[in-house]
Amino acid sequence: MDEILEDVLEKIQPTEKEQEKLSEISEDLIERAREISSDIDAEAEPRLVGSAARQTWLSDKQEIDLFLLFPKHVSREEMEEKGLEIGKKISGEDYSEQYAEHPYINTQVDGFDVDIVPCYDIDDPSKLKSSVDRSPHHQDYVKGWLKPEHKKQVLLLKKFLKGIGAYGSELKVHGFSGYLCELLIIKYKSFKEVIKSASNWGSKKIIANTKDRSEEVLEEIFPDQPLIYIDPVDPGRNVAAAVSKKNYATFIRAAQNFIKKPKKTFFFPNEPPTSEKHLRSLIEERGTQFYTISLDIPFELVPDIIYPQLRKTEKSITKKLEKAGYNILRSDVWFENQKALILLELSVSELPSVKKHIGPPVDVDATPFIQTHIDSKEKKAGPYVNEDGRLVFELGRKQTKALDVLKDVIESSGGFGKHIEKTISEKGYEIFENEKIVGEMSELGSIDFLGEYLTNCLPWYG
Ligand code: CTP
Ligand code: MG
């Protein structure tokens, strides 16, 4: 195992040169932020936080988090306005203003992705004034507790989670954040020990000082969160709140399998197939019915806003198709550069013109059920009693083609995400079927996503 970990580290650790470059860029950014802040009378104190500040960044994720700390007496409007102004002035021409829960500026400097985030300088991180005020406190905590020799262990854990698709607390992933990885290494001291522990986690894991609050109390405070890691800087927050059941279980399975048979595929999974010909034949072999709904989103929105809305839309569509009798084998969503896609895979594309409609059992009054259907034009057979003792009618199916149902469902757009609904009404949508989705997805740049969908497999079995 140690040899594998050494090899992996060699590939993922930033080189000295890269580290120097990052230091130079960040020092320069801080200096410029100070100058601009004093030029516009902003009282903002720039501070580097996140993985760049703690040397826990992976060489393939060159990213700098620069925070601008404002004193508490500054109003929210002024903090946001001046913070964004400083961010824009640092960036020059090339920047974008982002807004998820909190506004910030994103820019590129010499290959580094830089986020410039205004926040408040607060003493007690359990009393936030804005959602990002904890970050400087996380910075202090990790700097104080993460030993320099353990930084490499954080890199291994991050890369392992990335390899199995469970890294990142953003709403696209619902996985483990960088800060959570750092806390796990602070607690367990090494990658190996984290993996050993995780391989024994049950359906829930609570990592907290339970002298203050029992496990039962914590479960009540953080319901439906399989992993609970109380933030050492704010006991009211679960650092692992974003971790979904799926990613939690994937991590445990991966840990169990890594201990049994360590290999590099955990960190560097095989690439998905991308040849269009190959993908077409995979689709054909499955013999199912594929649809993609393509959307051209006319609003500049970050993935954290779009992904939950896309998933809500996906759920609403699949539920309605299921209700109409169409079995959904699997579905997924994708978003990049203002283009969004909902991928649906149905067992069949057509159903017969008759469907069974099951009524009440013998101990329930049958009158309303009988009255509704007995004279219906749709009645093909029934009422009769089935083997379970329930009344049954066989009725005509209004739509026998999944595509017609799908179009109706999209056009009624009930229960969709707000911006998805707006996109459909303002810009329309396009539907592609079966092999035709390959060309469309290739054009959109989502061919990797399709390759992964079609060969879906835990990476260490790949
Ligand atoms: N943060 C947090 N909770 C999140 C996301 C971010 O508390 N769900 C805070 C943390 O203090 C984190 C900082 O915001 O250190 C920067 O976030 P991010 O860039 O997402 O994470 P990094 O720790 O920098 O990790 P990396 O960039 O290497 O993925
Ligand atoms: Mg970061």
Side-chain angles (χ1 to χ4, degrees), residues 12-14 18-19 22 25-26 29 46-69 98 100-109 111-122 125-126 128 130-146 150-163 165-186 222 225 227-244 247-248 267 302-304 307-308:
I12 63 173
Q13 221 175 349
E18 283 172 319
Q19 193 61 52
L22 175 115
I25 295 172
S26 26
L29 283 169
R47 239 185 112 183
L48 204 62
V49 306
S51 58
R54 358 207 225 250
Q55 289 159 336
T56 52
W57 55 290
L58 293 168
S59 59
D60 65 358
K61 191 186 176 199
Q62 309 211 324
E63 188 210 70
I64 294 176
D65 301 294
L66 179 66
F67 274 51
L68 304 169
L69 281 71
Q98 309 269 0
E101 214 180 324
H102 190 84
Y104 64 96
I105 297 293
N106 176 266
T107 185
Q108 310 299 317
V109 181
F112 280 83
D113 189 57
V114 182
D115 284 341
I116 305 167
V117 187
C119 76
Y120 279 110
D121 187 0
I122 50 164
S126 68
L128 299 183
S130 87
S131 61
V132 295
D133 300 347
R134 279 191 210 97
S135 294
H137 292 268
H138 292 159
Q139 178 61 27
D140 294 339
Y141 185 86
V142 176
K143 261 202 122 170
W145 288 94
L146 185 68
H150 290 161
K151 287 177 180 169
K152 289 179 185 175
Q153 304 298 317
V154 174
L155 295 184
L156 287 170
L157 181 57
K158 282 189 178 184
K159 188 66 183 174
F160 184 85
L161 283 160
K162 218 173 195 180
Y167 182 70
S169 60
E170 60 270 26
L171 299 177
K172 176 184 174 183
V173 184
H174 282 292
F176 293 64
S177 67
Y179 177 52
L180 179 57
C181 292
E182 290 160 339
L183 291 180
L184 286 168
I185 295 297
I186 290 172
F222 305 106
Q225 298 173 21
L227 179 61
I228 299 176
Y229 198 127
I230 299 301
D231 193 340
V233 312
D234 177 4
R237 178 173 183 252
N238 174 16
V239 183
V243 178
S244 65
N247 283 324
Y248 174 74
F267 301 90
V302 293
D304 265 1
Y307 265 99

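Order of listing sets the numbers, starting from 1, for every ligand and every atom in it. Hydrogens, waters and symmetry mates play no part in the numbers below; they use all other heavy atoms, side chains included.
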- Task: Taking all heavy atoms of F267 and all of L156, pick out the closest pair and write down the distance.
- Result: CE2-O, 3.5 Å
- Do the charged groups of E170 and K172 touch, with an N to O distance under 4.0 Å? no
- Query: Short list, please: which atoms of ligand 1 are under 4.0 Å from a heavy atom of K61?
  - Reply: 26 (P), 27 (O), 29 (O)
- Query: Is there any N or O on S177 that sits under 3.5 Å from an N or O of ligand 1?
  - Reply: no
- Item | Under 4.0 Å to a heavy atom of Y167 - the qualifying atoms of ligand 1, by number | 25 (O), 26 (P), 28 (O), 29 (O)
- Query: Ignoring hydrogens and geometry, is there a side-chain-to-backbone donor-acceptor pair from H102 to P118 under 3.5 Å?
  - Reply: yes
- Quick one: which ligand 1 atoms are inside 4.0 Å of a heavy atom on S169? 4 (C), 5 (C), 8 (N)
- Message: Any nitrogen or oxygen of E182, side chain or backbone, less than 3.5 Å from one on ligand 1?
- Response: no
- Item | Sphere of radius 2.8 Å around the Mg ion (ligand 2) - protein N, O or S atoms inside | E63 OE1, D65 OD2
- Atoms in ligand 1 flagged as close to R54, the criterion being non-hydrogen separation under 4.0 Å: 12 (C), 15 (O), 23 (O)
- Query: Can the ring centres of F176 and Y167 be said to be less than 6.0 Å apart?
  - Reply: no
- So, the side chain of D304 versus the backbone of L171: is there a donor-acceptor pair under 3.5 Å, distance only? yes
- Query: Taking D133 for the side chain and S130 for the main chain, is one N or O donor matched with an acceptor at less than 3.5 Å?
  - Reply: yes
- Message: Please report whether ligand 1 has a polar contact with R237, defined as an N or O pair separated by less than 3.5 Å (distance criterion only).
- Response: yes
- Query: Do V243 and H174 come close enough that some side-chain heavy atom pair is under 4.5 Å?
  - Reply: no
- Go through ligand 1 atom by atom and flag the ones less than 4.0 Å from a non-hydrogen atom of D65. 16 (C), 19 (O), 24 (O)
- Do you see a protein non-hydrogen atom under 4.0 Å from atom 4 (C) of ligand 1? yes
- Any donor and acceptor pair, going by atom type alone, linking the side chain of N238 with main-chain N or O of Y229 inside 3.5 Å? yes
- Message: Treating H138 as the side-chain partner and D231 as the backbone partner, does any N or O pair qualify as donor plus acceptor under 3.5 Å?
- Response: no
- Task: Below 4.0 angstrom from a heavy atom of K158, which ligand 1 atoms are there? Numbered from 1 as shown, please.
- Result: 25 (O), 26 (P), 28 (O)
- Message: Going by the closest heavy atom to atom 10 (C) of ligand 1, which one wins out of E170, K162, Q139, H138?
- Response: H138
